Amino acid sequence: METDNLYQQRIEKLKRLQESGARVYERSFPGRSLVRDAIDQFAEGREMCLAGRLISLRGHGKSVFADMRDVSGKIQIYLRADTIGKDVFEHVKQIDIGDIVGVRGTLFTTRMGEKTLEVKEFTILVKALREPPLGKSKEDQHWYSLADVETRYRQRYLDLMSNEESRRVFLLRSRIIRCIRAFLDARGFIEVETPMMHPIPGGATARPFVTHHRALDTDLYLRIAPELYLKRLLVGGMEKIYELNRNFRNEGISTRHNPEFTMLELYEAFADYRGIMQLVEEMISTLAREVLGAESIVFKGHTISLAPPWERIPLLDAVRKQTGEDLSPERGEKSAVAIAERLKLQIEGPKTYPKIVDEVVKSLVVPRLVQPTFLIDYPVALSPLAKKKPDNPLLTERFQPFIGGLEVGNAFSELCDPLDQRERFEAQHVDRERGDEEAQRMDEDFIRALEYGMPPAGGLGIGIDRLVMLFSGKESIRDVILFPQLKPEEK
RNA sequence: GGGCGCGUAGCUCAGGGGUAGAGCAACUGCCUUUUAAGCAGUGGGUCGGAGGUUCGAGCCCUCCCGCGCUCACCA
């Protein structure tokens with residue numbers, strides 16, 4: 001017999017099953033209950049029909065105990081030759097860990113007190129040809145499971161099979177997203193979908209992915225942000241809107257960055273950034289209560305309270321506090337360059353004022369923002385889509401929320417003055433000419449939309465992946481994205 | 001791209017110049033209330049790859065590949 005590897009052994013078992021008339025690869029298994037219901041509504045002698053994957057086998061000659069798991073939980077099943085018949089028991093002898101089976105039988109309690117289904121009818125629904133990397137477990141103890149991070153990311157299905165923690169994270173992610181939708185829907189926001197393929201990439205400072213449309217013979221860009229389209233909807237009279245979907249940025253991959261990531265963007269007409277700040281505090285603390293059952297989280301060993309109100313610090317004050325330096329825009333770019341040198345900051349490419357401010361904030365200020373904090377009032381040069389502050393035209397009504405040292409969003413009172421917007425794009429164009437590839441591009445169609453009149457509005461973007469990281473305590477974005485971007489696998 | 005670390009059986013991991021190991025999984029036998037089932041036995045490895053040093057290399061050296069962390073890049 002050819003049994004020199006695990007795969008061949010299973011192929012042989014499959015053949016034996018098929019030759020003995022067992023039906024494997026069934027179409028469906030109607031009428032099954034969830035394992036959780038069998039446990040929760042347990043009654044001695046109750047008939048139950050269940051289906052799931054076998055995760056553990058304990059053979060005893062003419063009987064077999066097995067643990068079977070479905071989406072809702074795990075239950076022990078008991079297969080006796082006497083009960084299911086000699087012929088079917090021959091099939092039982094060919095089962096392996098990983099097979100998916102359907103069973104019908106009656107519930108009973110074993111001598112050891114475990115709720116168990118004694119099987120009367122047994123069907124192999126799917127024969128698994130590969131061995132799942134399941135560990136051994138007893139109650140809450142777990143001896144080993146799939147640990148290799150590359151395999152966990154590349155073959156996420158194995159990770160989900162093997163690691164309870166991984167299942168927990170992705171269920172949490174789903175609950176967070178559902179809860180965000182419910183929160184916004186309850187406040188009168190409507191969900192919209194705008195293009196993922198843009199003729200001009202806009203709404204953020206980032207490098208785009210390029211693709212080509214054959215029939216139109218034109219390049220298109222995967223969107224880096226939906227912002228400019230959502231604002232067009234404000235012009236059209238939609239007043240409270242949100243979009244919850246993917247953005248794509250052709251930039252580095254890190255524990256905090258994936259090339260495609262999920263963003264919530266929302267706009268509320270007749271609101272400004274102050275109103276949006278309250279919305280953010282309320283939304284995230286509500287999420288925590290509803291999803292985690294608490295208003296605090298633990299991230300990187302810090303206990304973080306999400307209860308409003310969050311601290312609000314003007315950006316330049318935060319810089320002054322951390323570095324003693326004054327990066328006010330009126331002091332000019334030369335002053336900023338001198339500060340960058342004093343602080344020994346390494347800046348790639350052109351040392352523009354926005355880049356320096358960005359770098360100082362990112363490396364010296366943000367890591368200290370552990371408790372929820374809004375940095376507010378960003379210099380206009382960093383914020384080409386935000387409305388200027390009435391008392392200081394060099395600053396904008398913009399804020400970013402930080403939690404656990406992670407930037408989780410970006411928001412502002414939206415710039416609705418088309419003439420000002422045109423000037424901002426032109427200023428960005430100058431940076432672009434100086435070699436800043438991420439500077440934003442002129443979008444004439446967007447300007448035209450603003451010229452028809454966009455109501456005053458507050459807008460917000462929230463990085464959903466980072467929010468899930470915070471809520472799940474994961475320090476890598478790859479642990480909260482089902483299929484994170486990896487190098488293609490070699491043959 | 002730089003720095004640090006890792007790569008050994010299907011899975012989790014030991015072994016750090018002298019005959020490739022353990023637990024689980026698998027296979028054979030026994031076993032009809034076990035549960036990390038048990039007992040007896042068996043098979044399974046180009047030690048990531050290629051060179052080199054050595055009488056002898058998972059082990060030391062060089063290069064390469066893959067992965068992680070980190071710095072850079074990047075809201």
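Quantities reported herein were computed from a predicted structural model and do not represent experimental measurements.
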Should the side chain of A:Arg111 and the base of B:U33 be counted as holding a donor-acceptor pair, with the cut-off at 3.5 Å? no

Compare every heavy atom of A:Tyr353 with every heavy atom of A:Glu333, then report the nearest pair and how far apart it is. OE1-N, 2.8 Å

Looking at B:A72, which nucleotide sits across from it as a Watson-Crick or G-U wobble partner, both distances under 3.5 angstrom, or is there none? none

Can you measure A:Tyr378 atom OH to B:A75 atom P for me and round it to whole angstrom units? 14 Å

Are a donor atom and an acceptor atom from the side chains of A:Asp159 and A:Tyr153 found within less than 3.5 Å of each other? no

Tell me yes or no: between the side chains of A:Arg10 and A:Gln94, is some donor less than 3.5 Å from an acceptor? no

Could you check whether the side chain of A:Thr110 and the base of B:U35 have a donor-acceptor pair of N or O atoms closer than 3.5 Å, going by distance alone? yes

Report the base-pairing partner of B:U62 (Watson-Crick or G-U wobble, both distances below 3.5 angstrom), or none. B:A50

Hunt down the Watson-Crick or G-U wobble partner of B:C67, both distances under 3.5 Å, from any strand shown, or write none. B:G5

Is there a stack between A:Phe65 and B:U34, judged by ring centres under 5.5 Å and planes under 30°? yes

I want to check one thing: is the phosphate of B:C27, taken as OP1 and OP2, less than 4.0 Å away from some side-chain N or O of A:Lys13? yes

For A:Arg154 and B:G66, is the shortest distance between a side-chain N/O and OP1 or OP2 below 4.0 Å? no

Counting any heavy atom closer than 4.0 Å, what does A:Ser162 reach on the DNA or RNA strands: base, sugar-phosphate only, or nothing? nothing

If we require ring centres under 5.5 Å and near-parallel planes under 30°, does A:Trp143 stack on B:G23? no

To the nearest angstrom, how far is A:Phe89 atom CZ from B:U32 atom P? 9 Å

Checking A:Arg320 against A:Ser328 for the side chain to side chain contact (heavy atoms under 4.5 Å, CB included) test, could you report, in this order, the C-alpha distance in whole Å, the side-chain angles of both residues, the deciding distance, and whether it holds? CA-CA 10 Å; A:Arg320 213 172 287 127; A:Ser328 299; 3.9 Å; yes

Would B:G58 be called syn or anti, given that syn covers angles within 90° of 0? syn

Does A:Arg152 reach a base, just sugar-phosphate, or nothing at all? Heavy atoms under 4.0 Å. nothing

Please name the nucleotide paired to B:A40 by Watson-Crick or G-U wobble geometry with both distances under 3.5 Å, or report none. B:U28

Indicate, with a heavy-atom threshold strictly under 4.0 Å, whether A:Thr83 touches base, sugar-phosphate, or nothing. nothing

Please determine, for B:U12, whether a Watson-Crick or G-U wobble partner exists with both distances under 3.5 Å, and give it or none. B:A22

Quick check on B:C73: is either OP1 or OP2 less than 4.0 Å from any side-chain nitrogen or oxygen of A:Ser254? no

Any side-chain N or O of A:Thr255 less than 4.0 Å from the OP1 or OP2 oxygen of B:U70? yes

A:Phe65 and A:His60 aromatic ring geometry - parallel, tilted or perpendicular at 30°/60° bounds: perpendicular

By the rule that syn is within 90° of 0, classify the base conformation of B:G23 as syn or anti. anti

